[in-house]
Amino acid sequence: MRLFGCGFFVSFSGSKTMGKIKTEIKEFVILLRSVPTAITVLFAMTLIAMNLLANKSIDIPLDFLALDCGIAVSWFAFFAMDVVTKHFGPKAATQLSIFALLVNLAFCLFMFIGSAIPGSWGEAFTDSGIDGTVNGALDKTFGGTWYVLVGSSVAFVASAIINNFSNYAVGKLFKKNPDGALAYVLRTYLSTAIGQFADNLIFALIVSHFFFGWTMLQCVTCAATGMVAELLCEALFTFFGYKITKRWKARGVGKEYFDFLESKNTGGKTTSESQPITESEQA
């Protein structure tokens, strides 16, 4: 009798867990349908471009500074996360970030396979590439290195969580006008500054410090300098981000996602008048 009871409890718990997993998967699928395709595509492409451009360092005549060309596009990742966080909530932005990361990892796998296939890059046929040095260098650049990939993935996931939930936390401070321009600017700048610094520092500590011999001072100054540079880049487009969130709200973008969350939060019951849920419920 006890065995039967234990078996029933395990079965019930297992079915309940599977039900939650299926609900989360359904919620994520609806989210992908709800977020405008352009944002999702550009977000994933940004991570791919970041990985490639990070292979080129920027010449700076200061020993304590070190930057790579990844900062040219990395700002857009935080721009996209801030826009999605404002409209869909931090959980949705974090899920989208992980999805973009998985797309990037898949792309890295394809690039690794391509670099392992015997053959020559177009640049190998130029005068500078006759000796095969250029061909080997391109194979290594596009093929990637495991510790760089691990470091960038860990840094991005951690910074995405920090950025999204700090953005949400700052937004909660504006009780009277949470959708105003001032609220958007402050929540965007503060969360991006914190998230960018964390992203740069975590990557520098995991990869640059251990594998490239950077000093702790270089790691910190690189993180701070990169944060400032990337924050300035995003600042140029803050106005457009604010307008995007206003337009999404006016047009009811993501209604299916909000309705699903409302149904989940109320145990399958919906109100007679379906209204967009608050940001606290999105979280």
Side-chain angles (χ1 to χ4, degrees), residues 35-54 56 58 60 65-90 92-101 104 152 155-174 178-204 220-249 253 279:
V35 177
T37 305
I39 289 292
T40 304
V41 172
L42 291 174
F43 192 7
M45 289 179 62
T46 296
L47 298 192
I48 294 171
M50 281 169 55
N51 269 358
L52 292 177
L53 290 174
K56 184 177 182 179
I58 300 175
I60 300 177
L65 286 182
L67 289 174
D68 61 66
C69 291
I71 65 172
V73 294
S74 59
W75 63 269
F76 184 83
F78 287 84
F79 171 86
M81 286 189 288
D82 290 337
V83 170
V84 174
T85 298
K86 176 62 182 72
H87 189 74
F88 291 94
T94 302
Q95 289 178 328
L96 192 66
S97 301
I98 294 175
F99 172 75
L101 176 63
N104 173 60
S152 63
F156 177 73
V157 171
S159 64
I161 295 173
I162 293 172
N163 177 85
N164 299 337
F165 283 91
S166 61
N167 184 298
Y168 167 75
V170 174
K172 292 291 290 182
L173 298 177
F174 293 85
D179 296 326
L182 178 61
Y184 182 82
V185 169
L186 287 181
R187 66 188 291 171
T188 298
Y189 285 7
L190 290 176
S191 64
T192 297
I194 298 171
Q196 287 279 17
F197 183 81
D199 182 40
N200 296 330
L201 183 61
I202 293 171
F203 179 81
V220 174
T221 54
C222 171
T225 306
M227 174 195 72
V228 173
E230 293 163 337
L231 188 59
L232 289 175
C233 290
E234 184 178 353
L236 296 175
F237 298 92
T238 300
F239 172 79
F240 297 100
Y242 175 65
K243 287 297 184 182
I244 287 173
T245 59
K246 297 287 285 186
R247 184 177 303 173
W248 283 2
K249 185 173 183 179
V253 173
E279 226 177 354

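Computed from a predicted structure; not experimentally measured.
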Please report the closest heavy-atom contact between Ala77 and Thr46, naming both atoms and the distance.
N-CG2, 3.9 Å
Contact summary for Val84 and Ala92, nearest pair of heavy atoms
CG1-C, 4.4 Å
Can the ring centres of Phe76 and Phe79 be said to be less than 6.0 Å apart?
yes
Please give me the minimum heavy-atom distance between Phe197 and Val220, naming the atom from each residue.
CE1-O, 4.1 Å
Rounding to 0.5 Å, atoms CD (Glu234) and OG (Ser74) come to a distance of 10.0 Å
Hey, are the side chains of Tyr184 and Val83 touching, using non-hydrogen atoms and a 4.5 Å cut-off?
yes
All heavy atoms of Met81 vs all of Ser97, minimum pair found to be SD-OG, 3.2 Å
Less than 4.5 Å apart, any side-chain heavy atom of Phe174 and any of Leu186?
yes
Could you check whether any side-chain N or O of Ser166 sits under 3.5 Å from a backbone N or O of Asn163, counting only pairs where one atom can act as donor and the other as acceptor?
yes
Side-chain (Asn104) to main-chain (Ala100) donor-acceptor, under 3.5 angstrom
no
Phe237 and Phe240 aromatic ring geometry - parallel, tilted or perpendicular at 30°/60° bounds
tilted
Under 3.5 Å, is there a donor-acceptor pair between the side chain of Asn164 and the main chain of Ala160?
yes
Interatomic distance, Asp179 atom CG to His87 atom NE2 [nearest 0.5 angstrom]
10.5 Å
Kindly say whether Thr188 contributes a backbone atom to a donor-acceptor pair with the side chain of Ser191 at under 3.5 angstrom?
yes
Between Glu230 and Asn200, is any pair of side-chain heavy atoms under 4.5 Å apart?
yes
I need the minimum non-hydrogen distance between Ser152 and Asn51, along with the two atoms involved.
OG-OD1, 3.6 Å
Can you confirm whether Ser159 sits close enough to Phe78 that some side-chain heavy atom of one is under 4.5 Å from a side-chain heavy atom of the other?
yes
